[in-house]
Amino acid sequence: MTTGLETTRENRKRENSLGNFNRLLAGHAAPTLVTAQRRLLGLEKPAKTVSGRTAVLSPASYGSFGDEGMIQGSRDSILAASGTPHLLTPGSNEPWADMGVAGMESFDGVIGFGRMHVDARKLKRLTDAQRIVVLGADSIDGAYGIRSITQRVSLLNVAAAQGRHAELANFSFRRNASDDALAALRRLDPRVRLTARDTNSQARVVEALQRKVNVFPDVAAYMKPASTPAVEQLRAWVTAQDGLTAIVVPNAHLAAFNGAGIQEVTSRFKTYTFALLEAGFSVVVLAHDVRQDPGDVALSETMVRGRSGERLISAVPRNAQEAKGMLALAAVVVTARMHAGVAALSQGVPCVGLDYVDKFSGQFQWYDADRYVLSWESHPSAQRVVELARQAAGDSGNTARSTPAFVNRPPSWLL
């Protein structure tokens, strides 16, 4: 057994070394390639496009409910404005179809040799959209590698050269973006419009790129909730409770954040959950990511194991729309996943956010709820979490629950 573990470690070392080499190579080659392509695009002819048709590229192949929420929110917004959506994804479209998202098409066929640029001719065959929108999410500042960024920069540059409206939108931007990412983003055609999803990110990109950047709330707010048998079953459970119900949304990704480890993460979420129970709340622990990795479903089940009963249960939604339907049932949500917060707040459900990547505060500001954001790194006490949950639920109870005004008008960058 020891030999096997040592072999696995050696394999991981080799994989990491190869990965570091590839990142280094891409970091040097990608900006040069994008610059060369921009010069050649001066010869590009306009594409034949259809008015009102908008192509939207997902930030990643199917992942968390956040990815789904952004795509579903984009589609629902385009349809509400009588437009025609064309949804694109890196990788296979099969996982999206499995989760009930119809109409996704793979973007991989237009990626050129070296996987760092887009083939202009193939893009013309892929879509006749008048507008091409890249959802940046939290990937454009270098957190997930340089190739995906340069592919998107290339896509937007090609789209602009073909006479299409090109937009990099719905993104966050950390304080310390990677040099590679900045080098690639500085190659963006000046005709490409940028729209951040919060004012903090907007200010950082303006400073880094020295160009105009618009701002608008996260598009996942526009995804419609689903009413399913699972939602109605949870509604019946919530209705049967004597007091208020809190929904707690954990995040297994935090196990790798600053080396915390899954045991510490589980312990902290359990502490918050049990404190809410002791404060008189009934509690639903909701998994907002159903993939095996990072493991939110397992984490949620562990949190209720041995305590599940009349006032504590776990819930595993099938998809993001079902999750939004469930979150609407809470008196207050306590979440370590930002898009669960967006799903709650966009329906007028008060929310306490446990921020770990500096993107919660900017998004909660749109709902006048940034006072309910706590830093995960600061190790907020269970008492403080309960205090904010009570305050948020109390504030909401004093006024009629309503949808924020901006949710009633689709994002300008999609239209």
Side-chain angles (χ1 to χ4, degrees), residues 49-60 64-89 101 103-104 127 129-140 152 155-156 159-160 164-173 188 191-206 211-225 320-321 324 338-348 359-369 402-415:
T49 61
V50 176
S51 178
R53 187 164 173 82
T54 300
V56 182
L57 177 63
S58 169
S64 69
F65 286 169
D67 294 324
E68 183 185 339
M70 287 182 280
I71 279 291
Q72 298 274 36
S74 298
R75 181 196 61 189
D76 290 348
S77 296
I78 295 167
L79 290 173
S82 301
T84 305
H86 184 189
L87 307 180
L88 303 174
T89 180
V101 183
M104 293 293 290
T127 184
Q130 184 183 48
R131 307 172 68 89
I132 292 186
V133 177
V134 170
L135 300 179
D138 51 2
S139 64
I140 69 162
R152 284 152 179 77
L155 169 64
L156 292 166
R164 310 180 201 244
H165 178 96
E167 180 113 23
L168 174 60
N170 210 68
F171 61 84
S172 299
F173 208 77
L188 273 170
R191 291 170 292 184
V192 176
R193 195 167 71 168
L194 276 68
T195 301
R197 62 184 176 185
D198 64 77
T199 55
N200 297 333
S201 297
Q202 179 191 35
R204 291 167 191 160
V205 178
V206 168
R211 61 185 289 171
K212 181 181 177 181
V213 180
N214 301 304
V215 64
F216 203 89
D218 190 280
V219 71
Y222 296 86
M223 175 183 64
K224 293 180 173 61
Q321 290 178 300
K324 187 166 185 174
M338 189 195 78
H339 278 105
V342 169
L345 292 166
S346 62
Q347 300 179 95
K359 63 181 179 180
F360 282 57
S361 294
Q363 206 51 228
F364 275 50
Q365 284 174 3
W366 292 106
Y367 304 90
D368 192 27
S402 61
T403 300
F406 65 79
V407 179
N408 295 320
R409 63 181 192 276
S412 57
W413 47 265
L414 274 173
L415 309 177

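- Inter-residue side-chain proximity for Thr84 and Leu79 is flagged as unmet; no heavy-atom pair is nearer than 4.5 Å.
- Residues that satisfy the side chain to side chain contact (heavy atoms under 4.5 Å, CB included) test with His165, not counting sequence neighbours, are Arg131, Glu167, Arg193.
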Audit row: Gln72, Val101, side-chain contact (heavy atoms from CB on, under 4.5 Å) steps and yes/no: CA-CA 8 Å; Gln72 298 274 36; Val101 183; 3.5 Å; yes

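- To the nearest 0.5 Å, atoms CZ (Phe171) and CG (Asp218) are separated by 12.0 Å.
- Minimum interatomic distance between Ile78 and Pro85 (heavy atoms only, all atoms of both residues): CG2-N, 3.7 Å.
- Put simply, CG on Leu168 and CG on Leu194 are 5.0 Å apart, with the number rounded to the nearest 0.5 Å.
- Side-chain contact of Lys324 with Ser346: a donor-acceptor pair under 3.5 Å is present, judged by distance alone.
- Here NE2 of His339 is found 12.0 Å from CG of Leu345. Values are rounded to the nearest 0.5 Å.
- The heavy-atom pair separating Thr49 from Ala129 by the smallest distance is CG2-O, 3.4 Å.
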Verdict with reasoning, Met104 to Leu88, per side-chain contact (heavy atoms from CB on, under 4.5 Å): CA-CA 6 Å; Met104 293 293 290; Leu88 303 174; 6.0 Å; no

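- The structure places OG of Ser74 at 4.5 Å from CG of Leu135, a figure rounded to the nearest 0.5 Å.
- Counting heavy atoms from C-beta outward, Leu188 and Leu156 have side chains that approach closer than 4.5 Å.
- Considering only residues two or more places apart in sequence or on other chains, Asp76 meets the salt bridge (Lys or Arg N to Asp or Glu O under 4.0 Å) condition with none of them.
- Put simply, the side chain of Met70 does not reach to within 4.5 Å of the side chain of Ser58, judged on heavy atoms.
- For Arg191 against Ala160, the heavy-atom pair with the smallest separation is NH1-O, 3.6 Å.
- Looking only at side-chain heavy atoms (C-beta outward), Asn200 and Phe173 stay at 4.5 Å or farther from each other.
- With hydrogens and angles left out, the side-chain atoms of Arg197 and Ser172 include a donor and acceptor closer than 3.5 Å.
- Of all the heavy atoms in Thr127 and Ala55, the pair that sits closest is OG1-CB, 4.0 Å.
- Atom CG of Asn214 and atom CD of Gln202 lie 7.5 Å apart (nearest 0.5 Å).
- Heavy atoms only, all atoms of each residue included: Phe216 and Pro410 are closest at CZ-O, 4.3 Å.
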side-chain contact (heavy atoms from CB on, under 4.5 Å) between Leu155 and Val134, worked out: CA-CA 9 Å; Leu155 169 64; Val134 170; 3.7 Å; yes

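- Of all non-hydrogen atoms in Trp366 and Asp198, the two that sit nearest each other are NE1-CA, 4.0 Å.
- Between the side chain of Tyr222 and the backbone N or O of Arg409 there is at least one donor-acceptor pair closer than 3.5 Å.
- Here CG of Asp67 is found 8.5 Å from OG1 of Thr89. Values are rounded to the nearest 0.5 Å.
- Side-chain contact check for Val342 versus Met223: every heavy-atom pair is 4.5 Å or farther apart.
- Side chains of Gln130 and Thr54: a donor-acceptor N/O pair is absent below 3.5 angstrom, by distance only.
- Side chains of Leu57 and Ile132 form no contact here, defined as non-hydrogen atoms less than 4.5 Å apart.
- Annotation: side chain of His86 is not in contact with side chain of Val56 (no heavy-atom distance under 4.5 Å).
- Side-chain contact between Asp138 and Lys359 is present, with heavy atoms from C-beta onward closer than 4.5 Å.
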